Amino acid sequence: MSNDTPAAPAAPSDFIRDVVAQHVADASYPKILTRFPPEPNGYLHIGHAKSICLNFGIAREFGGACNLRMDDTNPTKEDMEYVESIIFDVNWLIAGWADGVKTPQLFHASDYFEQLYGFAVTLIKKGVAFVCDLTGEQIAEFRGAPGDLGRPSPDRDRSVEENLDLFARMRAGEFADGTKTLRAKIDMASPNIHLRDPVIYRIRHTEHQATGNQWCIYPMYDYAHCLSDAIEGISHSICTLEFEVHRPLYDWLVDEVGLWNPRPRQYEFARLSLTYTLMSKRKLLQLVEEKIVTGWDDPRMPTICGMRRRGVTASALRNFAYHIGVTKYMSLTDVAVLEHAIREDLNKIAQRRLAVLRPLKVVITNFPEGKTEQCAAVNNPGDETAGTREIPFTREMWIEQDDFMEVPAPKYFRLKPGGEVRLKYAFIIKCDEVVKDADGKVTELRCTADLDSKTGGPTAGRKVKGTIHWVSAAHALDGEVRLYDRLFTESEPEKDGRDFKTVLNPHSLEVITAKLEPSLRDARADARYQFERLAYFTLDADSKPGAPIFNRTITLKDAWAKEAQRG
RNA sequence: UGCCUCAUGGUGUAAUGGUAGCACAGCAGACUCUGAAUCUGCUUGUCUAGGUUCGAGUCCUAGUGAGGCAACCA
């Protein structure tokens, strides 16, 4: 019964949370510590949102914490721009929900380069790592294909002293890129290819986004990730399924360095796939570079910044993540689940407004010229505290073209010749006359209003089947409205290896000028609006004072569209 | 061809050897000054074949199907 932030939904049950719960029950770890470890080589998307919600959600539910860690071990692909966007997006997504469990400090794999170097020396001294002179091609060839056996590198039995010397000189910058690597000495005959003496350090004379020119050797993901987890005291290292085959290497490295008890363990879950959506960073980059979209934050992008600009709320994204669950099954989630989460959240918070997207002039012939009557409109029918506002009603009005049919379809109950309809929050009107231009196109409707039918009036209770929205022509504010739709016409854009560019939706963006109710002049960037009977909208950052631009987040469900299609 | 993993309605998930449930989608209906929301109801499922058990979606074996793994990427 409190007005505080709503209680967290009951923790969902999934195989990872089950493990964590067991570890909490057994007190296996002093504290549950997860981490979200993106590589700063691109913008975060809704697939990352799933992972963020999982990692921060577990920390939150089990009294733990979660580290945000830049997995920045490959300076050739990483950039500060991405670091900043990732920090912003994560904070936005968890704000008011799990910000309390986010470790204040920002972590980097690169914070540990010195320690990681030391561990590598330890491994060399133990005789389980060696410097290898093979080229990349040779390494691949010696590694062998799955099913075959690998062959050992000729350098595999170098002495500890020589390895130590060579590795130090690698660090000192004596060798060119690609001429030497440090490799773990594990098992060239392993059926798991990742165990066939994996490369753990390579030479890269490249400036690093965080460490500058301090290093010219950089650890590989497999080496850096598990040890970074261990250094931070991570209890549960949660990643996606493709790392499953890396787990034996993760365990081998942590155990060989051997400093941690309890030690971190890796768990894998299936990444998110969504219908009508591309998820790979590479493909999203392609959309940006080929200018199919306007940028990473184009409202059609499945990036967190794109969805935010589109008007999607963080809580909608979190609820979505909650609903789809966590498994090891490679599923394809219907984008309708996401859309439902968005509508559910927006329905609760959106301010209702009247706006006409495709205007048709209506003249109320029995309403005096020059007169303005204020109509009280509720801001949110589900939230009394949202209050009401006044909308001006005059003789000349805009209504939606779709809300009139000269020859009405079956079951159509909006305006038609001789028919009645209610103007929301105002009068019931009757269509007396249809005015057309030379081409026979309807240009104007002449109607009479039942002047007693306004809310509170004597005939206010009269039932008419249809209610439509409207805007006073004299008061209407012209505003740009960007109508976004899904980017692809096919639910699986890349099905059977098809090029997604062959199934782009040519109507994924339509820009129109709409007639807005005057109060929208004061629209706020942080608010969400529902243009009644149409869709949810949010103000775009491109807006200028007096020249608002609205992005359509998502349409309202439309039973009539379905019905009309059937007929 | 080797190794790893997964398989529950149309979709996503729950059921931890004991009545197969939830959500989305769909379909009906109620209500409605949003063809929205809300409410009610309905349809649809344990990949196959064996086995263990009083009892199997769950355990075992085999098969089938799907995904992953052979960057000095993560």
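Every chain is numbered from 1 and lettered A, B, ... according to where its sequence line falls, protein lines coming before strand lines. Keep in mind it's a predicted model, so treat the numbers as computed, not measured. Keep in mind that the numbers below use all heavy atoms, side chains included, and drop hydrogens, waters and symmetry copies.
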Trainee: Nearest nucleotide by nearest heavy atom, which residue falls closer to the 5' end of RNA chain B, A/Thr467 or A/Leu332?
Mentor: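 Whichever sits nearer the 5' end wins; that is A/Leu332.
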
Trainee: Which nucleotide wins on minimum distance to the side chain of A/Arg414, given the candidates B/C33, B/G35, B/G67?
Mentor: B/G35

Trainee: Think A/Arg533 has a side-chain N or O under 4.0 angstrom from the OP1 or OP2 of B/G35?
Mentor: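 True: A/Arg533 side-chain N/O within range (under 4.0 Å) of B/G35 OP1/OP2.
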
Trainee: Taking 5.5 Å and 30° as the limits, would you call A/Trp560 and the base of B/G35 a stacked pair?
Mentor: yes

Trainee: Inspect the contact between A/Arg143 and A/Asp197 and indicate whether a charged nitrogen and a carboxylate oxygen are less than 4.0 angstrom apart.
Mentor: no

Trainee: How is A/Gly325 classified with respect to the nucleic acid when contacts are heavy atoms under 4.0 Å: base, sugar-phosphate, or nothing?
Mentor: nothing

Trainee: Any base atoms under 4.0 Å from A/Tyr412, or only sugar-phosphate, or nothing? Heavy atoms, all strands.
Mentor: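 Result for A/Tyr412 = base.
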
Trainee: Describe, in one word, how the ring planes of A/His246 and A/His194 are oriented to each other, choosing from parallel (under 30°), tilted (30 to 60°) and perpendicular (over 60°).
Mentor: tilted

Trainee: Counting only side-chain heavy atoms from C-beta out, which of B/U8, B/A37, B/C24 sits nearest to A/Val337?
Mentor: B/C24

Trainee: Give A/Lys281 one of three labels, base, sugar-phosphate or nothing, depending on what nucleic acid heavy atoms sit under 4.0 Å from its own.
Mentor: nothing

Trainee: Are A/Glu400 and A/Arg358 ion-paired here, with the side-chain N under 4.0 Å from a carboxylate O?
Mentor: no

Trainee: Rounding to the closest angstrom, what is the interatomic distance between B/A25 and B/G18 at atom C1'?
Mentor: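 The same atom, C1', in both gives a distance of 32 Å.
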
Trainee: Out of B/A23, B/A74, B/A70, which has the shortest distance to the side chain of A/Thr73?
Mentor: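 Nearest nucleotide to the side chain: B/A74.
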
Trainee: Which part of the nucleic acid, if any, lies within reach of A/His194 when heavy atoms closer than 4.0 Å are counted: base, sugar-phosphate only, or nothing?
Mentor: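 If one applies the 4.0 Å heavy-atom cut-off, A/His194 turns out to touch the sugar-phosphate alone, with no base involved.
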
Trainee: In dot-bracket notation, what is the pairing pattern of RNA chain B, taking Watson-Crick (N1-N3 plus N6-O4 or O6-N4) and G-U wobble (N1-O2 and O6-N3) contacts under 3.5 Å, with [ ] crossing and | for other strands?
Mentor: .((((((..((((....[..)))).(((((.......)))))....(((((..]....))))))))))).....

Trainee: So which nucleotide from B/C4, B/G35, B/A70 ends up closest to the side chain of A/Asp558?
Mentor: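 Selected nucleotide: B/G35.
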
Trainee: Could you give the distance separating B/C59 and B/C72 at their C1' atoms, to the nearest angstrom?
Mentor: 45 Å

Trainee: Can you find a donor-acceptor pair, distance only, under 3.5 Å between A/Thr333 side chain and B/C24 base?
Mentor: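 Absent.
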
Trainee: Let me know the distance between OH of A/Tyr267 and P of B/C4, rounded to the nearest Å.
Mentor: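 The distance from OH of A/Tyr267 to P of B/C4 comes to 20 Å, rounded to the nearest Å.
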
Trainee: With a non-hydrogen cut-off below 4.0 angstrom, is A/Asn192 in contact with a base, only sugar-phosphate, or nothing?
Mentor: nothing

Trainee: Nearest of B/A74, B/A14, B/G2 to any side-chain atom of A/Pro146?
Mentor: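 From the listed options, B/G2 comes nearest.
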
Trainee: At 4.0 Å (heavy atoms only), tell me whether A/Pro248 reaches a base, stays on the sugar-phosphate, or touches nothing.
Mentor: nothing

Trainee: Taking CD1 from A/Ile324 and P from B/A14, how many angstroms apart are they, rounded to a whole number?
Mentor: 12 Å

Trainee: Within 45° of the axis and under 6.0 Å from the centre of the six-membered ring of A/Tyr276, does NZ or CZ of A/Arg486 qualify?
Mentor: yes

Trainee: Would you indicate what A/Lys424 reaches in the nucleic acid, counting non-hydrogen atoms under 4.0 angstrom: base, sugar-phosphate, or nothing?
Mentor: base

Trainee: Expressed in angstrom and rounded to an integer, what is the separation of A/Glu492 atom CD from B/G67 atom C1'?
Mentor: 14 Å

Trainee: When the C1' atoms of B/U53 and B/G17 are considered, how many whole Å apart are they?
Mentor: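 Taking atom C1' in both B/U53 and B/G17, they lie 9 Å apart.
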
Trainee: Whole-Å distance between B/U38 C1' and A/Asn347 CG?
Mentor: 9 Å

Trainee: Going by atom types alone, do A/Thr135 and A/Glu137 pair a side-chain donor with an acceptor below 3.5 Å?
Mentor: no

Trainee: Take atom C1' in B/G63 and the same atom in B/C73, then report the distance between them in whole Å.
Mentor: 37 Å

Trainee: Check whether any side-chain nitrogen or oxygen of A/Lys77 sits under 4.0 Å from OP1 or OP2 of B/A74, and answer yes or no.
Mentor: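 For B/A74, neither OP1 nor OP2 has a side-chain N or O of A/Lys77 closer than 4.0 Å.
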
Trainee: Taking the side chain of A/Lys465 as its heavy atoms from C-beta onward, which of B/A74, B/U32, B/C33 lies nearest to it?
Mentor: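 Among B/A74, B/U32, B/C33, the one nearest the side chain of A/Lys465 is B/U32.
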
Trainee: State which of B/A74, B/A36, B/C24 makes the closest approach to the side chain of A/Ala336.
Mentor: B/C24

Trainee: Taking the nucleotide of RNA chain B with the closest heavy atom to each, which residue, A/Phe243 or A/Lys557, is nearer the 5' end?
Mentor: A/Lys557

Trainee: Applying a 4.0 Å non-hydrogen cut-off, can you work out what A/Asp18 is touching in the nucleic acid: base, sugar-phosphate, or nothing?
Mentor: base

Trainee: Any side-chain N or O of A/His340 less than 4.0 Å from the OP1 or OP2 oxygen of B/C24?
Mentor: yes

Trainee: Touch check for A/Lys454, heavy atoms < 4.0 angstrom, all strands: base, sugar-phosphate only, or nothing?
Mentor: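 Here A/Lys454 touches the bases of the nucleic acid.
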
Trainee: For residues A/Glu78 and A/Glu39, determine if any side-chain heavy atom of one lies less than 4.5 Å from a side-chain heavy atom of the other.
Mentor: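 Answer yes - side chains close enough.
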
Trainee: A/Gln565 has an atom CD; how far is it from atom C1' of B/G26, in whole Å?
Mentor: 14 Å

Trainee: Does B/A74 have OP1 or OP2 sitting under 4.0 Å from an N or O in the side chain of A/Arg202?
Mentor: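 Answer yes for this pair, as a side-chain N or O of A/Arg202 is under 4.0 Å from OP1 or OP2.
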
Trainee: In terms of base orientation, is B/A70 syn or anti, with the syn window spanning 90° either side of 0?
Mentor: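 That one's anti.
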
Trainee: Could you tell me whether the side chains of A/Gln351 and A/Tyr529 share a donor-acceptor contact shorter than 3.5 Å?
Mentor: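 There is no such pair (donor and acceptor under 3.5 Å, judged by atom type) between the side chains of A/Gln351 and A/Tyr529.
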
Trainee: A/Glu242 side chain: which of B/A70, B/A74, B/A37 is closest?
Mentor: B/A74

Trainee: Taking atom CZ of A/Arg271 as the centre, does the number of heavy atoms from other residues, nucleotides or ligands within less than 6.0 Å exceed 12?
Mentor: no

Trainee: A/Ile200 CD1 to B/C73 P: how many Å, rounded?
Mentor: 14 Å

Trainee: Are any of the side-chain nitrogens in A/Arg247 or A/Glu268 under 4.0 Å away from the carboxylate oxygens of its partner?
Mentor: yes

Trainee: Between B/U13, B/G35, B/G67, which one does the side chain of A/Met330 approach most closely?
Mentor: B/G67

Trainee: For B/A71, does either OP1 or OP2 sit under 4.0 Å from a side-chain N or O belonging to A/Arg143?
Mentor: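 For A/Arg143, the contact criterion (side-chain N or O under 4.0 Å from OP1 or OP2 of B/A71) is met.
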
Trainee: Looking at every strand, decide which applies to A/Gly382 at a 4.0 Å heavy-atom threshold: base, sugar-phosphate, or nothing.
Mentor: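 No contact.
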
Trainee: Nearest to the side chain of A/Ser13 - B/U5, B/U11, B/U16?
Mentor: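 Nearest to the side chain of A/Ser13 among the choices is B/U16.
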
Trainee: What contact category does A/Leu272 fall into here, base, sugar-phosphate, or nothing, at under 4.0 angstrom with non-hydrogen atoms?
Mentor: nothing

Trainee: Are A/Asp403 and A/Arg533 ion-paired here, with the side-chain N under 4.0 Å from a carboxylate O?
Mentor: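 The answer is yes: the pair qualifies as a salt bridge.
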
Trainee: Does the base of B/U34 carry an N or O that pairs as donor and acceptor with the side chain of A/Gln530 under 3.5 Å?
Mentor: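 Looking at the base of B/U34, it does pair with a donor or acceptor on the side chain of A/Gln530 (distance under 3.5 Å).
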
Trainee: Is it the case that more than 12 heavy atoms not belonging to A/Lys281 sit under 6.0 Å from its NZ atom?
Mentor: yes

Trainee: Would you kindly give the OH-to-C1' distance between A/Tyr425 and B/U32, to the nearest whole Å?
Mentor: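 In whole Å, B/U32 C1' and A/Tyr425 OH are 12 Å from each other.
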
Trainee: Please report the distance separating the C1' of B/A56 from the corresponding atom of B/U40, rounded so that it comes out in whole Å.
Mentor: 35 Å

Trainee: Sticking with atom P, work out how far B/U1 lies from B/G9, rounded to a whole angstrom.
Mentor: 27 Å

Trainee: Does OP1 or OP2 of B/G26 have a side-chain N or O of A/Lys562 closer than 4.0 Å?
Mentor: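 Yes, such a contact exists.
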
Trainee: Taking only N and O in the side chain of A/Thr327, is any of them less than 4.0 Å away from OP1 or OP2 of B/C6?
Mentor: no

Trainee: Looking at A/Glu532 and A/Arg353, does any basic side-chain N land under 4.0 Å from a carboxylate oxygen?
Mentor: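 Salt bridge flag = no for A/Arg353 with A/Glu532.
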
Trainee: In whole Å, what is the span from the CG atom of A/Asp345 to the P atom of B/A37?
Mentor: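 Distance, rounded to whole Å: 15 Å.
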
Trainee: Strictly below 4.0 Å: does A/Arg352 bring a side-chain N or O up to OP1 or OP2 of B/A36?
Mentor: no

